Amino acid sequence: MHFALTDDQREIKQTARALLAERCSAARVAEHADGRGHDSQLWDELVGLGWPALGVPEEHGGLGLGVVEAMCLADELGGALASVPYLGTAAAALLIRGAGSADQKRAWLPRLANGEVLGTFGMARDGQGELVPEGTRADLIVLVEKGRAKLLTPATAKVEPVDTIDRTRRYAKVTGEGESLPDDAALPAARVSVLVAAEMVGLCQRTLDMTVAYVKDRRQFERPVGAFQAVAHRCADMLVDVEAARSLVYGAAWAADVAPGTLARSAALAMAYVGDAARRVTSSAVQAHGGIGFTWESGLHWWLRRAQLDAVLVGAPGHHRQRVADAFTGDVS
Amino acid sequence: MDLSLSEKETAFRNELLDWLAANPSGQPSGPGQDEQFEHRRAWQRRLASGGWSAVHWPVEHGGRAASLTESAIFFEEIARAGAPLPANVLGLLLAGPTLMQCGTPEQRDRFLQPIVTGDEIWCQGFSEPEAGSDLASLRTRAVLDGDTWVLNGQKLWTSYARYARWCMCLARSDTDAPKHKGLTYFLLDMKQEGVRVRPLRDITGAAHFNEVFLDNALVPRDLVLGGVGNGWRTALTTLSNERSGLAFFHQVQMRQLLDRLAAVAVARGSFADLRVKDALGELYTRVEALRLTAYRGLATIERHGQPGPESAVTKLMWSATNQQLTQLAVDVLGPDALQEGPGWGYELLRSKGNSIEGGTTEILKSTVAERVLSLPRSR
Ligand SMILES: Cc1cc2nc3c(=O)[nH]c(=O)nc-3n(C[C@H](O)[C@H](O)[C@H](O)COP(=O)(O)OP(=O)(O)OC[C@H]3O[C@@H](n4cnc5c(N)ncnc54)[C@H](O)[C@@H]3O)c2cc1C
């Protein structure tokens, strides 16, 4: 037992962080969000570095690493709020890898890995994916409904843009017949939700860091506002949320790679907590910044907006709490 | 990243489980506190006879040099077996390790063994009527008279004082020195004329803690721990000692309470109430977050040699979650949960102390803000 990232995993995370710190400043986030554009320059660089290849098996042209490593990237990308289609592309690969036929894997995985194909995913109800990130520009869309998945392409899908408050991504409603993946997609979908949760951990950590820096700096009543207990304790509460969220997401990522028998439950636990934590932490960040936090200019709202969308992307926290309650009471009753 | 037990850890766990199966802790002979304490003392003797009393201590002092993870397994498994904490929990987790770090060879030889067996129970005499969160303002006076220190003052909230043979007693030995500098840490013999213990009933109606009156209590010079005037440093050693074992014990206990509550909720049909279901789901989530954060805390210690933010975070999570859980029981069970005596009513009341004992929630949050987040001092 050593429940922490290994040295290799830490290095992946730190390298990602350093790169994103350089390439993806808050100003750049604002530029892309304001203009509703994408950071294609950064994405090209990430493709060159093999980010979308990371979780694809070696036999299909990938690096063959696990969900824990992908989680490290999603965490840092969520923190940086980079306008790149990593999440969808990694998710599509996870779903095809886990539930696709040999032909489907051969057809899609190498091209997802080398960036030729932009992938995405969505949770569907009655055949419709209600909130598909980057759905308007993806080359390949994997919709998941009740543990079954199907592949759609722009040729076979009806894609309707949805204007959400998260302008760092273009969402869409997607319907269409598509091509079924033969195997059960419940666990692959749980792996995807781990990446979504990891993104929220990253954005929580980043808004906490920004808040701590701000309250040390901002002075009122002749002292830094962080010296007021009400403010300091708010920051401590944010930290508790971040640490609890991180623990649950690490646990789910570990299960995704090593203990599939507990994955469904671990993923539900993570999603049940992290969505609400992200809502609380980003709201607290705005509060601790005062009027500045409410301005367009400060940019804090980009993280808050993303948190709101991520928290419902694969089902709202309440939905996952019900799943958790069902799973655990199944054991005791 | 690895959340599974290694071969060695699994072997440790299996050996422990075999031992626990052959040595059930049994039940106290009666509902009273004295009976419960004697039960825990007998339990500790049994643990000690099997070599399971101080698993995280070095072998030379009667432990098994268990790793942090093995120690966590120990606390999880005794809780899971429904066994209580050993009677001398403060000796095992606080006094013993402080003696190992700050004590003289003679002190270690004298005190460690009876801590392991439970023959000598320890209590912690830090808090006073005028010194709680602001511990360093304590007033109990210690004056050296020849080779003997003479102590006068009052300690408050002292858990286990009634049963204790020894007390980790912090007192002011120099009134001229600055607040934190004038303190000395004494190993105080509780069985003497100058020490009077009065049980203090707590919110539950039982007397978990006591008042301790020191009226010319005597401590021989060689029972100063860590040096005269060095009491604050020694006290911090005690307070910063690895207490994560408790987090693992509590985490399992909460899970058991929660399972009981969920089973009743299902049996009575209240599980169909979405608010109840949602609240149960949230509690399972919080208990699991606590468990995993405690494990991350162990990894931090293994990596950096000292506890990270996780230890304060788990204490904050535990106290809040236990209070939330015992309150939910009232919503699920209705007035049945509010009966006097052992059961949910007791748990509800007892949980109110969780955010006070071992440092209040407010103090812990300030500590986290200052030490972990490096915010400016706020008190
Ligand atoms: C069940 C139980 C067992 C205990 N066992 C022991 C024991 O064995 N040995 C021992 O020495 N002590 C023991 N204690 C005492 C415990 O450590 C103290 O109660 C605790 O440190 C708080 O001190 P206090 O009671 O004087 O409260 P106070 O310090 O007077 O606090 C009162 C309130 O003010 C708040 N407060 C105080 N200072 C600040 C500040 N700077 N900023 C913000 N808020 C502040 C507190 O959080 C609290 O809400 C025990 C307590 C309990 C409940």
Side-chain angles (χ1 to χ4, degrees), chain A residues 1-6 9 68 208-209 211-212 215-216 223-224 226-240 242-248 250-251 253-255 257-259 265-266 268-273 276 317-318 320-329 331-333, chain B residues 1-6 9 67 69 72-73 258-260 262-263 265-267 271 274 276-282 284-286 288-296 298-300 302-303 309-310 312-314 316-317 320 361-362 364-370 372-379:
Chain A
M1 160 100 58
H2 185 78
F3 190 38
L5 299 179
T6 62
Q9 290 157 352
V68 173
L208 170 60
D209 294 347
T211 303
V212 167
V215 302
K216 277 186 205 168
R223 69 188 97 158
F228 296 109
Q229 271 194 354
V231 175
H233 288 189
R234 180 187 286 283
C235 292
D237 287 338
M238 292 166 79
L239 179 80
V240 172
V242 173
E243 295 298 334
R246 189 177 291 289
S247 299
L248 289 165
Y250 281 17
W254 175 81
D257 285 340
V258 180
R265 182 179 298 204
S266 299
L269 282 163
M271 290 306 300
Y273 190 85
D276 275 329
H320 295 287
R321 279 197 295 274
Q322 309 267 325
R323 289 174 58 211
V324 167
D326 281 328
F328 282 91
T329 47
D331 295 347
V332 297
S333 55
Chain B
M1 191 152 77
D2 195 0
L3 244 183
S4 51
L5 301 184
S6 69
E9 289 156 358
S67 68
T69 302
I73 293 170
L258 189 50
D259 282 347
R260 257 171 58 199
V266 171
F271 193 64
L274 280 190
V276 169
K277 193 170 169 185
D278 188 79
L280 286 170
E282 169 152 3
Y284 275 112
T285 304
R286 288 183 180 271
E288 181 68 1
L290 169 59
R291 182 178 84 90
L292 294 176
T293 305
Y295 273 117
R296 280 179 59 220
L298 299 187
T300 300
E302 279 165 11
R303 188 174 182 94
E310 297 90 355
V313 167
T314 49
L316 288 168
M317 287 166 67
T361 290
E362 289 75 15
L364 269 175
K365 284 186 185 177
S366 291
T367 308
V368 164
E370 284 161 31
V372 182
L373 301 175
S374 308
L375 289 180
R377 234 181 132 75
S378 63
R379 61 198 60 154

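A quick note: this is a predicted structure, and the numbers were derived from the prediction, not measured. Within every chain, numbering begins at 1; the chains are lettered A, B, ... in the order of the sequence lines, protein sequences first and strands thereafter.
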Carboxylate-amine/guanidinium contact Arg296(B) Glu243(A), below 4.0 Å: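 Salt bridge present between Arg296(B) and Glu243(A).
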Between Tyr250(A) and Leu292(B), does a side-chain contact (heavy atoms from CB on, under 4.5 Å) hold up when you go through it step by step? CA-CA 9 Å; Tyr250(A) 281 17; Leu292(B) 294 176; over 6 Å; no
Interatomic distance, Gln229(A) atom CD to Lys365(B) atom NZ [nearest 0.5 angstrom]: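 The NZ atom of Lys365(B) is 10.0 Å from CD of Gln229(A), to the nearest 0.5 Å.
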Distance, nearest 0.5 Å, that separates OG of Ser266(A) from CD of Glu288(B):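 Reported to 0.5 Å precision, the distance equals 6.5 Å.
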For the interface with chain A, which of [options] has the highest count of heavy-atom pairs at distances below 4.5 Å?
options	result
Ala369(B), Ala299(B), Pro309(B)	Ala299(B)
Leu290(B), Val313(B), Thr285(B)	Thr285(B)
Leu280(B), Thr300(B), Thr69(B), Leu5(B)	Thr69(B)
Glu310(B), Glu362(B), Met317(B)	Glu362(B)

Compare all side-chain heavy atoms of Met1(A) with those of Ser67(B) and state whether any distance is below 4.5 angstrom.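 No, too far: nothing below the 4.5 Å cut-off.
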Hey, does Asp326(A) have a side-chain heavy atom less than 4.5 Å from the side chain of Lys277(B)?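 Contact flag for Lys277(B)/Asp326(A) side chains = yes.
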Quick one: what part of [X] sits under 4.5 Å from any heavy atom of chain A, side chain, backbone, both or neither?
X	value
Leu274(B)	both
Glu9(B)	side chain
Leu3(B)	both
Glu302(B)	side chain
Arg286(B)	side chain
Ser374(B)	both
Val372(B)	side chain

Counting heavy-atom pairs closer than 4.5 Å to chain B, which one of [options] comes out on top?
options	result
Asp237(A), Val215(A), Val231(A)	Asp237(A)
Lys216(A), Arg323(A), His233(A), His320(A)	His233(A)
Thr6(A), Val212(A), Val258(A)	Val212(A)

Option from Leu239(A), Asp209(A), Thr211(A) for which side-chain contact (heavy atoms from CB on, under 4.5 Å) with Leu373(B) holds: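 When Leu239(A), Asp209(A), Thr211(A) are each tested with Leu373(B), the side-chain contact (heavy atoms from CB on, under 4.5 Å) holds only for Leu239(A).
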Heavy-atom contact with chain B under 4.5 Å, split by part of Gln322(A):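 For Gln322(A), the contact with chain B is made by backbone and side chain together.
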So what's closer than 4.5 Å to chain B heavy atoms on Arg246(A): side chain, backbone, both or neither?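 Arg246(A) touches chain B through backbone and side-chain heavy atoms alike.
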If you compare all heavy atoms of [X] against all heavy atoms of [Y], which two are closest, and at what distance to 0.1 Å?
X	Y	answer
Ala227(A)	Pro376(B)	N-CG, 3.8 Å
Ala236(A)	Val368(B)	CB-CG1, 4.0 Å
Ser247(A)	Ala289(B)	CB-O, 4.1 Å

